[in-house]
Protein chains: 2
Amino acid sequence: MKDQQSNSLDKRVERSRTKVLAETYRQLMRNGIAGVSIDAISRQSGVSKTTIYRHWPSRSALLLHACAQFGGPAPIPDTGSLRGDLRTLLDGLAAQLADEMWGSVYPSILDAAERDPEIAALQSRMHRTFMAPFEQVLDRGRERGEPSVQGRGTGILVAELVGPLFFRRWFSREKIDSAFLADVLDSALVRRAGMRPLPHAASRKRTGRKKS
Amino acid sequence: MKDQQSNSLDKRVERSRTKVLAETYRQLMRNGIAGVSIDAISRQSGVSKTTIYRHWPSRSALLLHACAQFGGPAPIPDTGSLRGDLRTLLDGLAAQLADEMWGSVYPSILDAAERDPEIAALQSRMHRTFMAPFEQVLDRGRERGEPSVQGRGTGILVAELVGPLFFRRWFSREKIDSAFLADVLDSALVRRAGMRPLPHAASRKRTGRKKS
DNA sequence: CCACTACGATACGGTATCGTACTGTAACTT
DNA sequence: AAGTTACAGTACGATACCGTATCGTAGTGG
C-alpha cells in the first residue's frame with residue numbers, strides 16, 4: 001500500500017511537475033496568460049499531455065498554481081527613516097518592472113481579471129502581496145509620528161508612490177530613472193511635512209512642527 | 001463603369017460597415033481585444049462573414065480600425081488656474097475610468113501591445129492622445145510661471161497625476177473619489193510652491209477637519 | 001524480485017477560430 | 001430596364017486548442 005501522505009515524492013512525479021511548471025513559466029512570460037496551451041507545454045517540455053492532466057485537473061488549475069508561486073515574501077527594509085525605506089522599496093519595484101518577466105505577464109493577468117473572477121481573486125492576492133511592504137513601512141512611519149503621513153490614508157499614499165511607476169512601465173513606456181523616483185517620493189511625502197527637504201522658500205513663518 | 005473615387009457610398013456598404021463596427025465595439029468592451037472573433041461578429045451583427053472580409057482584409061485590420069476610432073479630441077479646459085484645469089482633467093479621466101468601456105478594453109490592449117508591435121504602436125498613439133491635454137495644460141502653466149511646475153519635466157508630472165488613477169482602476173481596484181483626486185493634485189503640485197495656500201490643518205487635534 | 005505506479009505515445013471527439021470558394025438573390029446605378 | 005455590385009448563406013480546409021481513452025513501457029519501492 002502506498003503511503004499517500006508520505007513526504008517522499010516519487011522522483012518521476014517531481015520531475016514531471018518541475019518540468020511542466022518551468023515550461024509554463026516560460027510560456028507565461030513569452031505569451032501572457034492567454035497564450036499558454038497545454039499542448040505546447042507538452043511539446044516543449046517533453047512531458048506527455050496525459051501526465052500533465054494527471055497532476056492538474058485543468059488548464060486553469062495549472063495556470064493558477066503557476067501564478068500563485070509568483071513573488072516570494074518581499075523583504076521589508078529598515079533604513080531608519082521612512083523616506084529611506086520607501087526609496088529602497090521603490091528601487092526594488094523599479095528593478096522588477098524593468099525585468100522582462102513582470103512587464104509581460106502582468107497586463108495579461110489584468111486583462112483576464114476583468115472577466116474571470118477566479119483570476120480577479122488571484123490578481124487581488126498578488127497585488128496585496130506586493131503592496132504589503134509599502135503598507136507596513138508606511139504604517140510604521142505613521143506610528144513613529146512621521147508628519148508626512150499623518151492623517152493620510154495608506155491607500156492614497158501607496159497609489160501616489162507606486163502608481164507613477166506602473167504608469168511609466170505599462171502606459172507611457174518611459175524609463176524609470178533615479179531622478180523620477182526621487183521626485184515621486186518627494187511629491188508623495190512632502191505634504192504637511194513642513195517642507196523640510198526644500199527650505200528654499202523664504203517662508204517667514206516659523207516652522208514649528210511639534211508632534212502630538 | 002463605376003466611379004471608384006466617388007464619395008457617394010453605396011448604402012449597402014455603409015450599412016454593413018456600420019453594423020460590423022458596432023458589433024466589434026460591443027465585443028471589444030465585453031471580451032477584450034483577444035475575445036473578438038469574426039464568426040461571432042458575423043453571427044451577432046447579421047452581416048455575412050464573406051462581407052466582413054470584403055471590407056477588411058483580416059481580423060487584425062478590423063481591430064486596428066475599430067480601436068483607432070477611440071477617444072475623440074479631448075477638450076482642453078481653461079479655468080484660469082493650473083490647479084483648476086488639472087482638476088477638471090482628472091475629474092474627466094476618473095469618469096472615463098469608471099465607465100465600463102475603458103476599464104475593460106485597455107488592459108487587453110496593453111497585453112497585446114507587449115507582444116504585437118502593431119498594437120504597441122496603436123497603444124502609443126492612444127496614450128499620446130489621452131495625455132495631450134495634460135501636457136498642454138502643464139506647459140501653459142509653466143509658461144505662466146506657475147512655481148509648482150518650474151524645473152520639473154512634464155512627463156514626471158503627468159505620471160504623478162495620472163498614474164495614481166490608473167493604479168486604482170486596474171491594480172488596486174479601489175474607488176476614485178474626490179478626496180483622492182484632491183490629494184493627488186496636492187502632492188503633484190505642492191513642490192516648491194511655497195505651500196502657503198494649503199492651510200490644511202495644522203495637525204492640531206481639532207477634530208473634524210471640515211473642508212476649509 | 002515483483003507488484004505498483006507513473007509515464008510516453010497516440011489517437012480521438014469536440015469545439016472554436018481564420019480565411020476562402022461558390023451560389024443565388026437583392027439592391028443600387030446609370 | 002439592364003447591368004453591375006454587394007449581399008447572405010453555406011460549406012469548406014486548415015489550425016489549434018481542450019480534455020479523455022487506451023495501451024504498452026519504464027522506473028520505484030517494498
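Just so you know, these numbers come straight off a predicted model, no measurement behind them.
- At a threshold of 4.0 Å, the pair A:D10-A:R15 does not count as salt-bridged, since none of the basic side-chain nitrogens sits closer than that to a carboxylate oxygen.
- Within the 4.5 Å cutoff, side-chain heavy atoms of B:H65 are placed close to those of B:L21.
- Separating the CD1 atom of A:I52 from the P atom of D:dC18 is a distance of 9 Å, rounded to the nearest angstrom.
- Residues B:F70 and B:V105 form a side-chain contact, since some pair of their non-hydrogen atoms from C-beta on lies under 4.5 Å apart.
- Between A:K49 and B:S60, it is A:K49 whose nearest contact on DNA chain C lies nearer the 5' terminus.
- In this structure the side chain of B:R115 reaches within 4.5 angstrom of the side chain of A:S104, judged on heavy atoms.
- We find that CG of B:D39 is positioned 14 Å from P of D:dT10, with the value rounded to whole Å.
- Residue order along DNA chain D, read from the 5' end via each residue's closest nucleotide, puts B:S48 first among A:A40 and B:S48.
- By the 4.0 Å N-to-carboxylate-O rule, A:E23 lies too far from A:R43 to be salt-bridged with it.
- Between the P atom of C:dT23 and the CZ atom of B:R54 lies a distance of 15 Å, rounded to the nearest Å.
- Tested against A:V20, the residues A:I38, A:T51, A:I41 include a single side-chain contact (heavy atoms from CB on, under 4.5 Å) partner, A:I41.
- Between B:Y53 atom OH and D:dG13 atom C1' the separation is 14 Å, expressed in whole Å.
- If you take CH2 of B:W56 and P of D:dC7, they are 10 Å apart, rounded to a whole angstrom.
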Tabulate protein N/O versus nucleotide N/O from nucleotides 25-28 of chain D, keeping only pairs under 3.5 Å, one per line.
{"residue": "D:dG27", "atom": "N3", "partner": "A:R12", "partner atom": "NH1", "Å": "3.4"}

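- Across D:dC18, D:dG9, C:dC18, the shortest atom-to-atom separation from the side chain of B:T50 is found for D:dG9.
- Sorted by residue number, the list of members of residues 15-27 of chain A with any non-hydrogen atom under 4.0 Å from DNA chain D is empty.
- Between A:L63 atom CG and D:dG19 atom P the separation is 10 Å, expressed in whole Å.
- Distances shown here put every side-chain N or O of A:H55 at or beyond 4.0 Å from the OP1 or OP2 atom of C:dA6.
- Taking only side-chain nitrogens and oxygens, B:T51 comes nearer than 4.0 Å to OP1 or OP2 of D:dA8.
- Distance A:I41 CD1 to D:dA16 P: 16 Å, rounded to the nearest Å.
- Between B:W102 and B:F166, the ring center distance fails the sub-6.0 Å criterion.
- Residues A:Y106 and B:W170 place their aromatic rings such that the two centres sit no closer than 6.0 Å.
- Between B:R173 and A:E114 there is a salt bridge, since at least one side-chain N of the basic residue sits less than 4.0 Å from a carboxylate O of the acidic one.
- Mapped onto DNA chain D by nearest heavy atom, B:E14 and A:R59 fall at different nucleotides, with B:E14 at the one closer to the 5' end.
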